[in-house]
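Heads up, the thing below is written out as structure tokens.
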Amino acid sequence: MVKALLEGLLFAAGEAGVTKEELSAITKEGCSKIASLLKDLEQDFKVSRRGIQLKLFHNKYLLTTLPEHHSYITKLPHIRDSSLLSRAALETLAIIAYKQPLSKEKLEQLRGIRSSRTLKTLAEKKLIMATDSEQGPVYHTTDTFLNYLGLSSLNDLKETALPLVKE
């Protein structure tokens, strides 16, 4: 029963995710019991070959779709337009991910073209954010970026391809 409750809580938490401690406080179960149930739930999804998986991301648990279903999910009309990135956006995002923190001027120098519109799009999708520095605003990737790619940290970036390009 508690495992089903955890699944419901994870679903309700959505992309924000929920920590083991938060789940413990809500369910009144100990953290070690919650950890064990989450491990069981993760295995249940794998064994039953479900279309979702349990991911740990920045100390928060969340339900995500399986990467192998990406090409089907993007066929949903309300997801297609918002989830895929243009080649320009993907290029910009990759440069920021590998060179961050990065100023707009340096980005445009690397790309060889103006990037204002692309930066705006990536910021609206919450994949990047600007922070102030002594030299002016600089761009960084966000946790949403990592989550979008199914990564736990930027260290994982080198090991993954970026399957986000609109054809």
With sequence neighbours left out, write down each residue that passes salt bridge (charged side-chain N to carboxylate O under 4.0 Å, His left out) with [X], or none if nothing qualifies.
| X | value |
| --- | --- |
| K106 | none |
| E68 | none |
| D143 | none |
| K126 | none |

Apart from L10 itself, which Ile, Leu, Val, Met, Phe, Trp or Tyr residues share its cluster (side-chain heavy atoms under 4.5 Å, direct or through members)?
->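 Besides L10, the cluster holds V2, L5, L6, L9, F11, V18, L23, I26, I34, L37, L38, L41, F45, I52, L54, L56, Y61, L63.
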Quick one: list whatever passes side-chain hydrogen bond (donor to acceptor under 3.5 Å, both in side chains) with [X], sequence neighbours left out.
| X | result |
| --- | --- |
| Q135 | S133 |
| Q53 | T64 |
| D44 | K3 |
| H140 | T131 |

Between L127 and T121, does a side chain to side chain contact (heavy atoms under 4.5 Å, CB included) hold up when you go through it step by step?
-> CA-CA 9 Å; L127 296 171; T121 298; over 6 Å; no
Rounded to the nearest 0.5 Å, how far does CD1 of I128 lie from NZ of K120?
->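 Between K120 NZ and I128 CD1, I get 12.5 Å after rounding to 0.5 Å.
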Distance-minimising heavy-atom pair for [X] and [Y]:
| X | Y | answer |
| --- | --- | --- |
| L107 | S115 | CD2-CB, 3.8 Å |
| P101 | V138 | CB-CG2, 3.8 Å |
| G14 | L62 | O-CB, 3.8 Å |

Same hydrophobic cluster for M129 and I95, using side-chain heavy-atom links shorter than 4.5 Å among ILVMFWY?
->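 Looking at the clustering, I95 is in a separate group from M129.
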Hey, mind stepping through E91 and R87 against salt bridge (Lys or Arg N to Asp or Glu O under 4.0 Å) and telling me if it holds?
-> CA-CA 6 Å; E91 176 184 283; R87 290 193 187 277; over 6 Å; no
May I have all residue pairs that pass side-chain hydrogen bond (donor to acceptor under 3.5 Å, both in side chains) and include part of residues 20-36, sequence neighbours excluded?
->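 Found T19-E22.
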side-chain contact (heavy atoms from CB on, under 4.5 Å) partners of A88, counting only residues at least two apart |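 Result, side-chain contact (heavy atoms from CB on, under 4.5 Å) vs A88: S86, R111, T118.
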List in chain and number order the residues that pass side-chain contact (heavy atoms from CB on, under 4.5 Å) with S116, two or more places apart in sequence or in another chain; answer none if no residue qualifies.
->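 So S116 forms a side-chain contact (heavy atoms from CB on, under 4.5 Å) with K104, E108, R114.
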Is there a side chain to side chain contact (heavy atoms under 4.5 Å, CB included) between L146 and T141 once you walk through the steps?
-> CA-CA 8 Å; L146 292 173; T141 56; 5.6 Å; no
Does some side-chain heavy atom of L122 sit less than 4.5 Å from a side-chain heavy atom of F145?
->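 When only atoms from C-beta onward are counted, L122 and F145 do not touch, as no gap falls below 4.5 Å.
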List the steps, then state whether side chain to side chain contact (heavy atoms under 4.5 Å, CB included) holds for L102 with I96.
-> CA-CA 6 Å; L102 188 66; I96 292 170; 4.2 Å; yes
